[in-house]
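These notes are about the structure you will find just below.
Every chain is numbered from 1 and lettered A, B, ... according to where its sequence line falls, protein lines coming before strand lines.
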2 protein chains.
Amino acid sequence: MTEHTIRAFDADLQALARMISEMGGLAEKQVIDAIRSLDRLDVAMARRIIADDAKINGIQHEIEEKVILTIARRQPMAADLREIVAALRISNDLERIGDLAKNIAKRVSVLDNDIQLRQVMRGVEHMADLALVALKNVLDSYIRRDVEKAVAVWRGDEEIDAVNNSLLRELLTYMIEDPRNIGICIHLMFCIKNIERMGDHATNIAENVYHMVEGKMLPDDRPKGDLTSLISAPIETKRKSP
Amino acid sequence: MTEHTIRAFDADLQALARMISEMGGLAEKQVIDAIRSLDRLDVAMARRIIADDAKINGIQHEIEEKVILTIARRQPMAADLREIVAALRISNDLERIGDLAKNIAKRVSVLDNDIQLRQVMRGVEHMADLALVALKNVLDSYIRRDVEKAVAVWRGDEEIDAVNNSLLRELLTYMIEDPRNIGICIHLMFCIKNIERMGDHATNIAENVYHMVEGKMLPDDRPKGDLTSLISAPIETKRKSP
């Protein structure tokens, strides 16, 4: 590359990093607001979240265009190429985090009656906080090229999975105790599942940051704590068979 | 482009189309096998599906590499560029369909006791058949550049959503009838949700085929039949409050 091409390429990379930061900030805000609207059963806020998802999708398209233009113009190799591809992949994960927040918001309007399961909501908020910290840290690790921080996020997903499992078990007990809880509990289960998937996307981003900086993949054997699909079924209860 | 560049570019496009076809075929097979393993509670088959997901991910990476190389080498514009970007996006959706099949397979081992809800399984199979037909047709529409077929898939997703809603309601009644059904019903709910999302990915692919051929987007107002988040909660039952 000539001196001019290198400078132009650096400007492209900086523009991409700015777009990822902006998109990441929006995704964080959507997640925070989705959990808030769920907690307060704030239907107006939920509607705003659903509408704002288009903004995140818009930035994703801009990033894709910028990536394509940069590859075509600069024909980057090795580390430069990895950096551009990382931006593309990270924007995919951020778009999906936005979708998951939207999906939680969609459930708010139907929960607009007496939500008695306040203690469950504390657990949901705790889990969402963990996912948000993971998202914030992984975006930081991307901006600073901080591999250690990325690996910490990657390892930390286990904790989110653990909270996920205990919340699912808690919800099961409410459903068994009183069948009138079943409807609301199913909505909360899908919300919790969405938060768990946000954690997975933060983990994906961490893997991409690692690959971008180190030029190799993280090992595939992250200790996986998600046991959702391992909940024993059928559930044993003390009720008599009808 | 020179005559030689055009021929080389056409060869690139054909290679990409072949890779998408191969990936699509694998994704279809994984979905078929996942539903089969769920129906038969075939744990060995489920394990094989989980292991084979890596193959789909491998092809996705190859497609990404091929796309980047083609953009860098040929610097395509307009329709040519749209075609390449479509391949990249479609491979993303196929990878996610593979993930959803794997997720269903993961639930098979825990359902390895008396599954009494045979009639629900018929509904699940029917829904999966609809998703598979959508996937097959949308891959056909991609290969043949058949916009009409793509639009038909896009419109047809409503039917999958309708089956999704009636299955969810059916599962709710089993849970209310007997709390010992709750565990198994939750697993089936997540399986059904996964099939519904497969339909959504087929719809995404249809949108990409349309954009690739027509150079414009489909309108955003597809009649959306997914009312999952609109199930009324809490559920009314005839049981007395404890």
- [ ] Test salt bridge (Lys or Arg N to Asp or Glu O under 4.0 Å) on R74(A) and D12(A) and set out the steps.
- [x] CA-CA 10 Å; R74(A) 321 284 180 216; D12(A) 287 337; 2.7 Å; yes
Open item on the list: Within the structure provided, determine whether L167(B) and L188(B) are in side-chain contact (heavy-atom separation under 4.5 Å).
Closed with: no
Task: Members of residues 46-63 of chain B whose heavy atoms come closer than 4.5 Å to chain A - done: H61(B)
- [ ] Go through I186(B) and L172(A) one step at a time and tell me if the side-chain contact (heavy atoms from CB on, under 4.5 Å) criterion holds.
- [x] CA-CA 9 Å; I186(B) 287 169; L172(A) 275 174; 3.3 Å; yes
Open item on the list: Within the structure provided, determine whether N208(A) and D93(A) are in side-chain contact (heavy-atom separation under 4.5 Å).
Closed with: yes
Open item on the list: At under 4.5 Å between heavy atoms, what parts of residues 82-92 of chain B are in contact with chain A? List them by residue number.
Closed with: V85(B), L88(B), R89(B), N92(B)
TODO: Taking side chain to side chain contact (heavy atoms under 4.5 Å, CB included) as the test, write out the residues that go with N194(B), two or more places apart.
DONE: L100(B), N103(B), I104(B), R197(B)
Task: Partners passing side chain to side chain donor-acceptor pair (under 3.5 Å) against Y174(A) (at least two apart in sequence or in another chain) - done: Q119(A), E170(A)
Open item on the list: Which atoms of L69(A) are under 4.5 Å from chain B, going by heavy atoms: the side chain, the backbone, both sets, or neither?
Closed with: neither
TODO: For residues I205(A) and L94(A), determine if any side-chain heavy atom of one lies less than 4.5 Å from a side-chain heavy atom of the other.
DONE: yes
Open item on the list: To the closest 0.5 Å, what do you measure between CG (D33(B)) and CG (L38(B))?
Closed with: 12.5 Å
- [ ] Output yes when a side-chain donor or acceptor of N165(B) lies under 3.5 Å from a complementary backbone atom of D161(B), and no otherwise.
- [x] yes
Open item on the list: If you compare all heavy atoms of K216(B) against all heavy atoms of Y210(B), which two are closest, and at what distance to 0.1 Å?
Closed with: O-CD2, 3.3 Å
